[in-house]
Protein chains: 2
Amino acid sequence: MQTMTDIPRATRERIISAASKLFYSEGIRAVSVDAVAEKAGLTKRTLYYHFRSKDDLVAAYLGARDQPNLSLFRRWFEEADGGLPAKVRAIFNRLARNASHPKWKGCGFLRTSAELANLPGHPAIKIGVAHKKKFEAWLRATFEEAGVTTAAPLARQILLLLDGSFAVVQLHRDPTYMETAGEAAFSLVGAAMKAGPKSGQRKR
Amino acid sequence: MQTMTDIPRATRERIISAASKLFYSEGIRAVSVDAVAEKAGLTKRTLYYHFRSKDDLVAAYLGARDQPNLSLFRRWFEEADGGLPAKVRAIFNRLARNASHPKWKGCGFLRTSAELANLPGHPAIKIGVAHKKKFEAWLRATFEEAGVTTAAPLARQILLLLDGSFAVVQLHRDPTYMETAGEAAFSLVGAAMKAGPKSGQRKR
DNA sequence: GCATGTATACTAACCAGTGAATATACTCAA
DNA sequence: TTGAGTATATTCACTGGTTAGTATACATGC
C-alpha cells in the first residue's frame with residue numbers, strides 16, 4: 001500500500017512552501033487563501049482539499065518551521081569555537097548575518113503570535129509556544145551539561161535576549177542590535193559560569 | 001481664534017480612544033473602520049471626516065501612546081528605591097504586574113510593527129521606531145548621568161531585554177519571564193557600574 | 001449664506017469557504 | 001488482459017459576507 005501515494009504528498013508540501021513564503025513576508029491576515037493557491041500553482045478548491053481551513057494552513061506553515069529552525073540554532077552553536085559564552089554569542093552573530101538580508105522579517109513564530117494575539121486558542125499559537133519552549137529546554141540542558149547551577153534562569157535570560165533582538169531588529173532594521181544582544185548573552189553566561197560551574201566539563 | 005474649536009477635538013480624541021482599545025486588543029487588520037466608528041458612537045463617514053484613512057488612524061493610535069508610555073516608565077524608575085540596578089529592575093517588576101492583567105496583550109508598538117512588517121514606510125511604523133529610540137535614549141542618558149562608561153551598549157541591552165519580555169510574555173502568558181528579564185538587567189547594570197562608574201553620583 | 005461637522009446610503013473589490021462535476025489511477029473480478 | 005468500480009485529486013463557478021472608502025445631503029452655528 002502507499003506505493004505512489006507520495007505524489008499528492010508533494011502537492012501538500014508545495015502548498016506549505018508557498019504559504020510559508022507569503023505568510024512570512026506579508027503576514028497572516030494580509031495573505032488570502034487565493035494568493036497562496038496561485039503561488040502554489042493550483043486552485044483554491046484544491047488547497048481546501050488538502051487543508052481544512054486557513055487556520056490549519058497557518059498551523060502547518062509554522063509546524064514546518066519548527067524542527068529546521070531548532071536544528072539551525074543547534075548547528076550554529078556546535079560549529080562555533082571557544083567556550084560556552086562564545087558559543088552562545090555565536091548564535092546571535094550568525095543570526096545578525098541572516099537579519100541583514102532584505103527578505104528577513106523577524107521570527108515567524110513571534111510575528112504570527114503577535115498578529116493572532118486575539119485568538120488565544122489558535123493552533124498556530126500553540127505551535128509557537130511549543131517551539132519556544134523546546135528552544136528554552138535545549139538551552140537549559142546545554143547549560144546543565146556544562147555544570148552551570150543556574151541553568152534554568154540563564155536559559156530564560158538568553159531566550160529573552162534572542163526574542164528581544166528579533167523584535168528590535170525587525171523594527172529598526174539594524175542587525176547590530178543582535179550583536180549587542182550577543183554580548184549581553186556572553187556576559188550573562190560568563191558570570192553564571194564563574195558563580196557556579198562544577199568546574200569540570202571544560203572540554204578542549 | 002480657536003475658541004470653541006475644542007469640541008470637535010473631543011470627537012477626534014473619542015475616536016482615537018475607541019481605536020486604541022480595539023487595535024490594541026484585537027490587532028490592526030482584524031479591526032474594521034466600521035467597528036471603530038461604532039465603538040466611538042458615530043458613523044464611519046464622520047470618522048473619515050477626522051482621519052484621511054485607516055492608516056492615519058493607526059498612526060494616531062500609536063502616536064497617542066508615545067508620551068504616556070514613556071512617562072510611565074520614567075515614573076516607575078523614579079519611584080523605585082535602591083541603586084541604579086534596582087531602579088532598572090523595578091521597571092520590569094512593575095511591568096510584570098501589568099502583564100498579569102487579562103487585557104494585557106504585549107507592546108502595542110511592537111505588535112503593530114510586526115503586523116505591518118510588509119509595509120516598511122507605514123506612518124505607524126515610523127512612530128514605533130521613534131518611540132523605541134526615545135526610550136533607548138532616555139536609558140542611555142540615565143546611565144551616563146550615573147557615570148556608567150558603557151552607557152550606550154548597556155541601554156541597548158536593557159531595551160533588548162524589555163522588548164524580549166514583551167514578546168515572550170505575550171506568547172506564553174507568563175509574567176515571571178519579566179521578572180527574569182529584570183534580574184538579567186540588574187546583573188548587566190551592576191556589572192557595568194563595577195567596570196566603569198566614575199564613582200561619583202551615588203546620591204542619597 | 002458659509003464653515004464645520006454628522007449621517008444615510010452606496011460602490012467596487014475582496015475574502016473564506018462550498019457544490020457539483022470531472023479527471024486520474026489503482027483494485028479486483030471475469 | 002480487460003473492464004467495471006472506487007478512492008484520490010483537481011477544477012470551475014459560485015455564495016454570502018465584509019471591507020475601505022465615497023457621493024450626496026442635512027444640520028448647526030457664525
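Worth knowing before you read on, the calculation uses all heavy atoms, side chains too, and leaves out hydrogens, waters and symmetry mates. Residue numbers start from 1 in every chain, and the chains themselves are labelled A, B, ... in the order their sequence lines are given, proteins ahead of strands.
- For A:V33, the listed nucleotide lying nearest its side chain is C:dA16; candidates were D:dT10, D:dG21, C:dA16.
- Distance from the side chain of A:Y49 is smallest to D:dA9 among C:dA7, C:dG17, D:dA9.
- Among the protein residues, A:S32 comes within range of the sugar-phosphate backbone only, with heavy atoms under 4.0 Å from sugar or phosphate atoms but none that close to a base.
- When rounded to the nearest whole Å, the span between CG of A:D34 and C1' of D:dT19 equals 16 Å.
- Of the candidate nucleotides C:dG17, D:dT10, D:dG21, D:dG21 has the atom nearest to the side chain of B:S53.
- If you check D:dT11, D:dT10, C:dG5 against the side chain of A:H50, the one that comes closest is D:dT10.
- The interatomic distance linking A:R52 (CZ) with C:dA16 (C1') rounds to 16 Å, in whole Å.
- Checked against the 6.0 Å centroid threshold, A:W138 and A:F73 do not count as a close aromatic pair.
- Contact between A:D81 and A:A86 at its shortest, heavy atoms only, is O-CB, 3.8 Å.
- Computed from coordinates, the B:R45 CZ to D:dT22 P distance equals 8 Å when rounded to whole Å.
- Taking 4.0 angstrom as the limit, B:T11 places a side-chain polar atom (N or O) nearer than this to OP1 or OP2 of C:dT6.
- OP1 and OP2 of D:dT10 both lie 4.0 Å or more from every side-chain N or O belonging to A:T46.
- Listed candidates were D:dT10, C:dA16, D:dA20. Nearest to the side chain of A:K44 is C:dA16.
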